[in-house]
Amino acid sequence: MASFQVFNQTTGDRFSCQDDQSVLKAMEQTGLKCVPVGCRGGGCGYCKIKVVEGEFECGKMSKAHVPSEAIEKGEVLACRLYPLTDLTIECLPQPAAGLSNRQTKTTALR
Amino acid sequence: MRKGVMRPGHVQIRVLDMDAAVKHYVDLLGLIETDRDDQGRVYLKAWTEVDKFSVVLREADEPGCDFMAFKVVDEETLVQLEKDLVDFGVDIEQIPGGELKDCGRRVRFTAPSGHSFELFADKLYTGKWGVTEVNPEAWPRGLDGMKAVRFDHCLLYGPELAATYDIFVNVLGFHLAEQVLAEDGTRIAQFLTVSMKEHDIAFIHHEEPGKFHHASFFLETWEDVLRAADLISMTDTSIDIGPTRHGLTHGKTIYFFDPSGNRNEVFCGGDYTYPDHKPVTWQAEQLGKAIFYHDRVLNERFLTVLT
Ligand code: FES
């Protein structure tokens, strides 16, 4: 089983990831928190990151969060991201719908 | 005042991968597969439910909830409620009988929160699974996983809670069992019921319409909730939080995710309500305790991770 290095250039964190393991899972197992963890199922978009270098494969992801154009740009969900080589990733601003749209009333919830 | 809406009838959930979803809902939650249709949808029920199905899975490229339906007492009630909705200015859509297998016609509308709801009067009565109607045993053998007792409620996130309340309470006869109020008196969470349960449907305010927080299934005991937690670990299923207790409803709970990222809850206990009960109120400043009674803080995921 191959193991690859993942480097998060936004936070400077590094961790290793088996080829059959999602990047998010590998990060969680290492005890790091450099990518937000949501559903771990490709559904919520919370763990969206950008792969800036390296080859990868993806499992099924919600089209609402990852339209096909996004995959080409390397913008994918870390919970569905499987490395084929070492990867360099960077954090993305949280999706507009999830966070920045939250206004007064939802702020009261926090 | 009750208007003839009886209970939650079904929920249709979108999943990214049907095989993985069926494994989750059947092997882990313990629902029973009762049918499939030519659209590829899979029909499931929990063992104590008397109708043919309560959960429908549909494969799609975006997870979430297509609609939730409530069963009304009879066709006459359906005709009346349909008229009441139209008179109230709600657009309705007619879904013919048989569109869902063995289910009669459904009246569909979209609430101001952005969620689709349906009312129906008829669905094939198949009886409780695995026990006889006369002199029934306590429970059936052969249940899997968490052995979910029934599909209980959904929690949905969206805007326009007040306008949504008006439809559910004034037109459909739900009553407000529990609420969370902001300092200025704005209701930011509403738990609505047509039964003695603290919620048959719940809403939490969120700017984006039509979001799905979770579908919830009832278990009998705290021991069952702990056993559910064991099964979540054994199957390496994505956990959200728990086992713990809610302040709201005081139910004992665990949250986890299906393989497409839709949140599920299994819970036991919880308070009861009658139509003469005043709503239980939690203040928004105490929201952490209202949601997670032991931790007394919210995890960020509870408010932001949705499908
Ligand atoms: S954690 Fe939800 S999509 Fe990755």
Side-chain angles (χ1 to χ4, degrees), chain A residues 18 20-29 33-49 57-71 76-82 91-110, chain B residues 14-17 20-21 24 59-64 157 159-161 180-184 186-189 204-214 236-240 255-264 283-285 287-288 290-291 297-307:
Chain A
Q18 311 292 333
D20 64 342
Q21 199 176 33
S22 78
V23 166
L24 195 74
K25 181 146 198 182
M27 179 204 78
E28 282 197 273
Q29 277 187 355
K33 295 193 168 130
C34 63
V35 176
V37 179
C39 67
R40 306 181 186 90
C44 71
Y46 208 50
C47 66
K48 193 162 170 183
I49 50 106
E57 269 174 357
C58 285
K60 286 190 177 166
M61 300 180 283
S62 171
K63 276 259 173 0
H65 298 292
V66 188
S68 9
E69 320 86 78
I71 304 185
V76 295
L77 303 174
C79 66
R80 292 295 209 215
L81 170 61
Y82 299 88
C91 298
L92 289 174
Q94 285 290 307
L99 290 178
S100 58
N101 272 358
R102 263 195 283 153
Q103 284 156 11
T104 47
K105 284 178 198 151
T106 323
T107 313
L109 274 172
R110 307 183 68 206
Chain B
R14 295 188 300 272
V15 298
L16 295 172
D17 179 324
H24 173 90
E59 194 169 86
D61 56 20
E62 181 185 335
Y157 273 39
E160 303 291 344
L161 290 202
V180 179
L181 296 181
E183 237 166 272
D184 66 359
T186 313
R187 198 184 303 114
I188 56 173
I204 287 186
H205 176 85
H206 186 73
E207 295 298 331
E208 192 183 356
K211 300 305 282 183
F212 181 45
H213 190 274
H214 70 263
D236 199 22
T237 297
S238 174
I239 189 165
D240 186 6
Y255 285 109
F256 52 103
F257 295 97
D258 80 7
S260 309
N262 296 302
R263 193 186 273 94
N264 296 153
Q283 299 167 310
E285 311 87 88
L287 194 73
I291 307 275
V297 279
L298 267 182
N299 66 348
E300 173 74 14
R301 270 207 291 264
F302 195 85
L303 293 180
T304 48
V305 171
L306 306 165
T307 53

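Chain identifiers are assigned alphabetically (A, B, ...) following the order of the sequence lines, protein sequences preceding nucleic acid strands; residue numbering begins at 1 within each chain. The basis for the numbers below is simple: all heavy atoms, side chains too, and nothing from hydrogens, waters or symmetry mates.
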Which portion of A/Val37 sits near chain B, non-hydrogen atoms under 4.5 angstrom: both

On a heavy-atom basis, which atom in A/Gly38 and which in B/Ser238 lie closest, and how many Å separate them? O-OG, 4.5 Å

Would one find more than 12 heavy atoms of other residues, nucleotides or ligands at under 6.0 Å from atom CD of B/Gln283? no

Shortest non-hydrogen separation from B/Glu62 to A/Ala64 and the atoms involved: CD-CB, 3.4 Å

When the 4.5 angstrom heavy-atom criterion is applied to B/Leu306 and chain A, the contacting part is backbone

Kindly say whether B/Thr237 contributes a backbone atom to a donor-acceptor pair with the side chain of A/Arg40 at under 3.5 angstrom? no

Considering all heavy atoms, the nearest A/Gly43-B/Pro63 contact: CA-CG, 3.5 Å

Scored by heavy-atom pairs under 4.5 Å with chain A, the best of B/Ile239, B/Asp258, B/Asn299, B/Asp240 is B/Ile239

Enter the distance from A/Arg80:CZ to B/Leu16:CG here, rounded to the nearest 0.5 Å. 6.5 Å

